[in-house]
Amino acid sequence: MSVEGAGLIRGFIETGRNLVGSYVDPRRWVTVQYPEERRATPENSRVYPFLVYDGADPEEGLRCVSCKICEKECPPQCIYIVPAQDERGRPRKHPAIFDIDISVCMSCQICVEVCPFDSIKMDQAYAWDREDRFGGLLLHKADLARPNRYYRELHPAEARVVDEHLARERELRESGVRAAVRASLPGSGEPGGGT
Amino acid sequence: MNMEGILALTGWGGLRWVGPVELFERGPVWLRDWAVGWLPEGAKVWAEGLIPAVAVLAVFGLLFGLATVAERKLLGRIQNRPGPNRVGPYGWLQFAADGVKMLTKEDVVPRSADRVLHFLAPIVMLAPVALSLAVIPYGRDLVAADPRCGLLFFFAVGSAAEVAAFMAGWSSRNKYSLLGAMRAIAQMISYELPLVLSALTVVMMAGSLSLVEIVEAQSGYWWGVIPRWHVMTPWGLAGLLLFMAAAAAASNRAPFDLPEGESEIIGGFMTEYSGFKYAIFFMGEYFGMFAVSGLAVTLFLGGWQAPLAVLEAAPSYGWFFLKLGVMIAWFIWVRGTLPRLRVDHLLNFGWKYLLPLGALNLLVAMVWRGLGGWAFPGAGAVRWLACLAMIGLPAILWGRLLMRSRGWGPRVYRYAS
Amino acid sequence: MITAHHYLAVAAMLFGIGLAGALTRRNSILVLMSIELMLNAANLNLVAFGRQAGWEQGSQAALWVMCAIAIAAAESGVGLALILAIYRHRRSAHLDESPPLKG
Amino acid sequence: MLRRLVHCALCWTLSMAGVAGLYILAGAEFLGLAQLIVYVGAVAILIVFAILLTQRRELLSIERLTAGSWVTGVAVAGLVAGCLWIGLAYTRGLGGAGGASGGPALETRELGELLMGRYVVAFEVAGLVLTVALIGAVILALPFEQPREASGRRADRPAAGEGWDARRQGGQGA
């Protein structure tokens, strides 16, 4: 049979050791001093989506072609897209408006999964506090656009695969007519692979 | 200004050279006399009552603020995190931010509540506790009031807290509030008894109900080294342990904080309180903790007496507040360590364990006094050990016996297993 | 200057209030409270006389007050337990509806 | 007038505390504090609990008095208090001072010596009465244990004769 109060004393010693130890050795701390000190986020962590652009211009370099797949697939319907039009009123492959209401977004990443152009990816920035309660969390195209460099930093492994894939596509597109002719030959079925 | 002498106002405005020891020791009293001396004759009697009252409230108000921060910091450290460290130097001004927050919050009163009682309950909670701070001697000649029955006064005004808890619980018109109030009252009444019993031991040995005299009864040293505090005797040691257990329950501190039990009854009788009224309840709770800690220091730890003769140079109130700080730290440590009890365990513990041991402790104190006449060599040690065995062995055996009975041991889940 | 007269007057008023309550009210708890009021009036008288005699001589008055307080506590405890027991039978704390206290 | 029983109880507590204050004013500190402990700390709580446990139907309110009982009660009480008052008015020789207004105060030690010396029997008997009353009150307030066969119910249900349950069952049977 154990000694009376041994458990109590063990408990007091444990908490006492924590008490003293946390002064002596800050490595014991289970928390970080947030604004000054931030924990590195794991590569696969995700918060809200952002739009990737290539090159230097965040407006023209957007990969988004405003195909609206993500808008349709978004479960809480927090994406709103209006395609841009050229001077003759025909839709361009570019969004005029691309809004995401991150007060509604549930970070499910479905938009990223369905995007055929690798243009929408998940961000890791989590400090989205805004003073405006109503409009502040509605992000517009300019707020969402991030360079591809940023994406590479966030998800290096994933970005490498995406870059390779895009480079291959670009190569295909540049070697142009021959590829198109070959693709249109019967029995290939390559361009319509998505159907 | 030389080191031996400082020009000080003593008594009724007379200037004389005093040493720093005397200056710090007598300073508060001189300050009071000097302030009173300015007043006209009719106002003096009021001022003599009012100045200590204001001083006590100011000191304990500040202590309340610091204790809330200290509690949060120490609890944080116990859980390996730094605690509040943003407002002010090292976060020590956090209480000011908390106070501003509490003051500016909306004061919500339920529509069907009894508004008058709902308003009065926090006041009835805080006022008696503040009153009970008046009789504790904080230093040599530093006591706001020294009635002949100081200890009885302490417990008498403390009993109003039960009425306050009932008022808060009933007036809120919320079943959780009422249940919390019932729990709180049951707990306060149950633990009042062991609290009073362990204090009674000291009264018996010191032969006085006046707290000032109880402190004076603990002056002096055995062999010039060990202070004659009551805690140095076996009955005093047991009494202190009993007193602290009962005091934690009587002031609703963890692990006996069932009346609030946030996770079970969402805040007990304080459920419907918000803003400043809640802050007053909170203050009452802390003042209650200070009061019982101060009483424990007074009864068992020698009050303002210094632990060693050479340390008597430090001001006596310094020693008191040092000991008070240790007691508060102990309460915080307990809160950080022990989980909350179940309500039947709580009542069983109070009635079946603490109460018989408190009564036994009274007997042990009597035996201790009876054995005082022994004069053979080593009599002191024999007396000490005999009395310790008299209280210690029954404590262990009775505890083991109780643990074997139904409802004490580990919980048995009838349906979940 | 407060004299024993004042104490006795207060005690008489307290007794009258208690008596009025005990006579008019039918709620047993209220009646018990009224009886306690009358008891306190008597205690107050004792204290007044003890003070009148000077407490060196009058400490026996204090003794009887002590005993009276103890007995009053016992009385209210038993009384409330009785009220509870009657309530359990009759679902009422009214004296009119309480059982006739016969053998 | 106060219609709520709980308010009455709390005001009663306040008046008991007032009486305690009068004791202290008269120099009997110990008595006043004992009064506070017993009445405010214990009896008030008892009463309040009893109110909560017994006054469900009346919604915690007091019945209005009929004119007859009102007049009779106040008349009798007024008569008694008036007689006391008149007797008091014709009493002489009660001008002595004591307690807070300058006279000697009650020495707790003296009271203790009386309690433990000459009047120890009274003290012990009071203690005994208190103990017996406590045990009696507990037994009175305990729920009645009825044998299983007689009540015909499960043991863990409320004791037989419980109004709400019994009436409901009776109503269904009828």
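Every value quoted in this text rests on a predicted model; they were computed, and no experiment measured them. Just the heavy atoms: all of them, side chains too, but no hydrogens, waters or symmetry mates, feed the values below. Reminder, nothing fancy here: chain letters follow the sequence lines and each chain counts from 1.
There is no contact between C:Glu75 and chain D, counting heavy-atom distances below 4.5 Å. Within the 4.5 angstrom heavy-atom criterion, only side-chain atoms of C:Met13, from C-beta onward, approach chain D. For D:Thr131, no part lies under 4.5 angstrom from a heavy atom of chain C. At a 4.5 Å heavy-atom cutoff, the contact between D:Glu110 and chain C is made by side-chain atoms alone. For D:Phe30, the part lying near chain C is the side chain, with the backbone staying farther off; criterion is any non-hydrogen pair under 4.5 Å. D:Leu134 does not touch chain C: none of its heavy atoms, backbone or side chain, sits under 4.5 Å away.
Nearest heavy atom pair, residue C:Ala81 against residue D:Leu140, reads CB-CB, 3.9 Å. Across every non-hydrogen atom of D:Val38 and C:Ala73, the tightest pair is CG1-CB, 3.8 Å. What you find for D:Ala137 and C:Gly77 is that their closest heavy atoms are CB-O, 3.8 Å. Between C:Met33 and D:Trp12, the closest heavy-atom pair is O-NE1, 3.1 Å.
The side-chain heavy atoms of C:Val65 and D:Tyr23, taken from C-beta on, include a pair separated by under 4.5 Å. By the 4.5 Å heavy-atom criterion applied to side chains, C:Val47 and D:Leu22 are not counted as neighbours. Side-chain atoms of D:Val19 and C:Leu14, non-hydrogen and from C-beta on, do get closer than 4.5 Å to each other.
A donor-acceptor pair shorter than 3.5 Å cannot be found between the side chains of D:Gln35 and C:Asn43.
Note on D:Ile47, D:Val74, D:Val76: by heavy-atom pairs under 4.5 Å with chain C, the leading option is D:Ile47. Per-residue counts of heavy-atom pairs under 4.5 Å with chain C were compared for D:Thr72, D:Leu130, D:Val138; the largest is that of D:Leu130.
Rounding to the nearest 0.5 angstrom, the gap separating the CD1 atom in D:Ile51 from the CG atom in C:Leu30 is 7.0 Å. For the atom pair C:Ser59 OG and D:Leu111 CG, the distance stands at 7.0 Å (nearest 0.5 Å). With rounding to the nearest 0.5 Å, the separation of OG in D:Ser15 from CD1 in C:Ile17 is 8.5 Å. Here the CG atom belonging to D:Leu114 is positioned 10.0 Å from the CH2 atom belonging to C:Trp64, to the nearest 0.5 angstrom. To the nearest 0.5 Å, atom CG of residue C:Leu39 and atom CE of residue D:Met16 are 9.0 Å apart. Going from atom OH of D:Tyr119 over to atom SG of C:Cys67 covers 10.5 Å, rounded to the nearest 0.5 Å.
Between the side chain of C:Tyr7 and the backbone N or O of D:Ala26 there is at least one donor-acceptor pair closer than 3.5 Å.
Of residues 78-87 of chain D, those residues lying under 4.5 Å from chain C by any heavy-atom pair are D:Val80, D:Ala81, D:Leu84, D:Trp85.
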